[in-house]
Amino acid sequence: MKNRRFKKPVVYSFYALGFIALLGTLYLIESMMPTSNFNGLDDDYVNQTIFDSELPVVNTSDTIIRPFVDKDITIVKNYYNYKDEAKDQEESLLFFENTYLQNSGVSYGKKEIFEVVAVLDGTVTSIKEDQSLGKIVEITHSNDMISIYQSLSEVKVTENQEIKQGMIVGKSGTCNLEKDLNNHLHFEFIVKGLVVNPEDYYDKKVSEI
């Protein structure tokens, strides 16, 4: 039997028909697949997860904030500074059990109970209740800083808890040491082992201290 050979034009026609058939098959497969965009995410998914969902924003700023957010709160007892005028020093003294004490923090007050918040990210290292100072929360921060929240009526954190700046630590209250101040927060700030005036550190960056 003789081998039959096709002429070149016929061979080229076979190639062309095969190529067309391949393209047709690919087009058919593609048309049967669901449309997608954003690298495989459909419109509903993108809309729900990016545009419609309300996600909480966590403040991770390293700028020190005040231990409260209510703008009506005022200073009711200043930090005692030995460089101040005699009159200012006198107003910063505490009188307790027939003894005058230097105020080692700042007391903030308001008629109504207010929420107390963390001034920076940190770890709750101590929670205790003192007969004179009331409920106390101590938070340790980076760069060898410690914030202390005293005279609380309620505590909203637990020991060893990692917290973010602005999280609620507790609520203001009263204490026997500063009973005449009524509802307030007594706040102390320790930097590198030294008790400092908190008012000098608000709005400063940790990296600047």
Side-chain angles (χ1 to χ4, degrees), residues 59 61-96 99-122 124-157 163 165-206 208-209:
N59 191 343
S61 172
D62 68 342
T63 301
I64 301 169
I65 65 172
R66 293 179 177 273
F68 51 83
V69 294
D70 195 324
K71 295 182 179 179
D72 296 332
I73 295 169
T74 59
I75 295 176
V76 291
K77 183 71 72 173
N78 275 304
Y79 172 85
Y80 183 91
N81 191 332
Y82 71 93
K83 294 181 180 180
D84 285 344
E85 299 289 336
K87 182 177 181 299
D88 294 330
Q89 290 180 341
E90 183 179 344
E91 292 177 350
S92 299
L93 293 174
L94 304 173
F95 187 71
F96 182 67
T99 304
Y100 284 99
L101 305 171
Q102 298 175 353
N103 192 18
S104 55
V106 178
S107 299
Y108 302 97
K110 181 184 176 182
K111 185 177 181 180
E112 298 82 14
I113 292 176
F114 56 89
E115 292 180 336
V116 175
V117 301
V119 297
L120 283 170
D121 295 356
V124 179
T125 46
S126 175
I127 297 176
K128 57 186 178 182
E129 186 165 2
D130 184 88
Q131 186 175 359
S132 301
L133 303 175
K135 293 181 172 64
I136 306 169
V137 174
E138 178 181 292
I139 301 176
T140 300
H141 312 282
S142 62
N143 206 20
D144 198 12
M145 294 185 295
I146 298 173
S147 59
I148 302 174
Y149 312 77
Q150 298 179 2
S151 189
L152 300 176
S153 60
E154 292 183 40
V155 174
K156 299 292 187 180
V157 293
I163 62 175
Q165 181 187 68
M167 285 182 61
I168 298 174
V169 174
K171 293 186 177 182
S172 60
T174 59
C175 68
N176 291 326
L177 180 61
E178 298 178 303
K179 187 179 296 184
D180 59 318
L181 299 181
N182 298 316
N183 175 64
H184 71 284
L185 160 71
H186 179 80
F187 179 69
E188 296 185 2
F189 201 49
I190 301 174
V191 178
K192 295 177 172 56
L194 298 176
V195 179
V196 298
N197 185 352
E199 289 288 322
D200 294 336
Y201 286 81
Y202 299 137
D203 300 324
K204 282 189 176 182
K205 290 185 175 295
V206 174
E208 298 173 348
I209 299 172

Subject >> Least distance between heavy atoms, S132 atom then C175 atom >> reply: O-CB, 3.4 Å
Subject >> More than 12 heavy atoms of other groups within 6.0 Å of K111 NZ >> reply: no
Original post:
Hey, what's the ring geometry for Y202 with Y108, parallel, tilted or perpendicular (30° and 60° as the breaks)?
Top reply: tilted
Original post:
Measuring from E112:CD to K171:NZ, what's the distance to the nearest 0.5 Å?
Top reply: 13.0 Å
Subject >> Residue pair V69 / E115, side-chain heavy-atom distance below 4.5 Å >> reply: no
**OP:** Measure the OH-CD1 distance between Y149 and I139 for me, rounded to the nearest 0.5 Å.
**Re:** 4.0 Å
Subject >> Donor + acceptor pair across side chains of S172, H184 (<3.5 Å) >> reply: no
Original post:
With side chains defined as the heavy atoms from C-beta onward, is the minimum distance between L181 and H186 less than 4.5 Å?
Top reply: no
Original post:
Quick one: does Y79's side chain get under 4.5 Å of V106's, heavy atoms only?
Top reply: yes
Original post:
OG1/T63 to CG/D203 distance, rounded to the nearest 0.5 angstrom?
Top reply: 7.5 Å
Subject >> For H141 against G122, the heavy-atom pair lying closest together >> reply: ND1-CA, 3.9 Å
Subject >> Separation of D180 CG from K77 NZ (nearest 0.5 Å) >> reply: 6.0 Å
Subject >> Side-chain heavy-atom pair N183, F114 within 4.5 angstrom cut-off >> reply: yes
Subject >> Which atom of D70 lies closest to which atom of D72, heavy atoms considered >> reply: OD1-N, 2.9 Å
Original post:
I209 pairs by side chain to side chain contact (heavy atoms under 4.5 Å, CB included) with which of V196, N143, D144, D62?
Top reply: N143
**OP:** Grab the two heavy atoms, one from A118 and one from V169, that are nearest each other, plus how far apart they are.
**Re:** N-CG2, 3.5 Å
Subject >> Under 3.5 Å donor-acceptor, Q150 side chain and E188 backbone >> reply: no
Subject >> Shortest non-hydrogen contact from I168 toward V157 >> reply: O-CG1, 3.7 Å
Subject >> Atom pair NZ (K135) and CG (D130), whose distance is rounded to the nearest 0.5 Å >> reply: 11.5 Å
Original post:
Is the backbone N or O of V119 less than 3.5 Å from a side-chain atom of Q165, with the two atoms forming a donor-acceptor pair by type?
Top reply: yes
Original post:
Going by distance alone, is a donor N or O of one side chain under 3.5 Å from an acceptor N or O of the other, for E178 and S151?
Top reply: no
Original post:
In Å and rounded to the nearest 0.5 Å, what is the CD1 to CG distance from I65 to L120?
Top reply: 7.5 Å
Subject >> Considering all heavy atoms, the nearest V137-I127 contact >> reply: CG2-CG1, 4.3 Å
